[in-house]
Participant: 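There's a structure below that I have some questions on.
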Amino acid sequence: MSQLPSKGVRIPPGVDTSRKVVDFLGTGTEFQKSIVVAQLNCILLSSVRNCVTLVELNKMASGSYSPPHVDTVWNQTDIVQYLQSNWIAVP
């Protein structure tokens with residue numbers, strides 16, 4: 001897969017979807033790279049789907065996310081920490 005997929009994946013703001021994934025991963029922000037990798041991992045790896053759904057990752061791609069049953073809003077840093085701490089998207 002050379003291009004970012006469009007079906008089922010929400011691309012974070014600021015990502016040029018015409019670029020190859022391999023090129024983007026070298027230049028995107030930590031948040032952008034984490035979201036894209038997490039979504040690809042969710043599509044390709046069933047073990048990731050045990051932790052988080054693609055729907056949840058699509059919501060996180062906006063840069064702000066409220067986990068179910070929690071009275072808090074995660075920012076980009078919180079989202080990246082969650083994805084890395086749970087081995088969903090690790091650099």
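Note that these values count all heavy atoms, side chains included, but never hydrogens, waters or copies made by symmetry.
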Participant: Can you measure from CD1 (Ile88) to SG (Cys51) and round to the nearest 0.5 angstrom?
Facilitator: 5.0 Å
Participant: Give, for atom CH2 of Trp74 and atom OG of Ser66, the distance between the pair rounded to the nearest 0.5 Å.
Facilitator: 9.5 Å
Participant: What is the distance from atom CG of Asn41 to atom OG of Ser34, rounded to the nearest 0.5 Å?
Facilitator: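 One gets 10.5 Å once the value is rounded to the nearest 0.5 Å.
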Participant: Between Gln76 and Gln81, do the side chains contain a donor N or O and an acceptor N or O under 3.5 Å apart?
Facilitator: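 No donor-acceptor contact under 3.5 Å links the two side chains.
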Participant: Report whether Leu44 and Leu25 are members of the same hydrophobic cluster (ILVMFWY, side-chain heavy atoms less than 4.5 Å apart, transitive linking).
Facilitator: yes
Participant: Does Met60 belong to the same Ile/Leu/Val/Met/Phe/Trp/Tyr cluster as Leu45, with side-chain heavy atoms less than 4.5 Å apart forming each link?
Facilitator: yes
Participant: State yes or no: do Tyr65 and Val70 share one hydrophobic cluster built from I, L, V, M, F, W and Y residues joined by side-chain heavy-atom distances below 4.5 Å, directly or via other members?
Facilitator: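 No; Val70 is not reachable from Tyr65 via cluster members.
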Participant: May I have the step-by-step check of side chain to side chain contact (heavy atoms under 4.5 Å, CB included) for Ile43 and Arg49, ending in yes or no?
Facilitator: CA-CA 8 Å; Ile43 291 168; Arg49 291 188 296 273; 5.6 Å; no
Participant: Show your working on side chain to side chain contact (heavy atoms under 4.5 Å, CB included) between Ile35 and Leu83 and close with a plain yes or no.
Facilitator: CA-CA 8 Å; Ile35 288 292; Leu83 296 174; 4.1 Å; yes
Participant: Is there a path of hydrophobic side-chain contacts, each under 4.5 Å between heavy atoms of I, L, V, M, F, W or Y residues, that connects Val90 with Tyr82?
Facilitator: no
Participant: Got a donor-acceptor contact below 3.5 angstrom from the Asn75 side chain to the Thr77 backbone?
Facilitator: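 The answer is yes, because a donor-acceptor pair under 3.5 Å joins these two groups.
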Participant: Mind listing the closest non-hydrogen atom pair of Val48 and Cys42 along with its distance?
Facilitator: CG1-CA, 3.7 Å
Participant: If we ignore hydrogens and angles and just use 3.5 Å, is the side chain of Gln32 paired with the main-chain N or O of Pro13 as donor and acceptor?
Facilitator: yes
Participant: For Val36 and Pro12, work out which heavy atoms get closest and say how close.
Facilitator: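 That would be CG2-CD, 4.0 Å.
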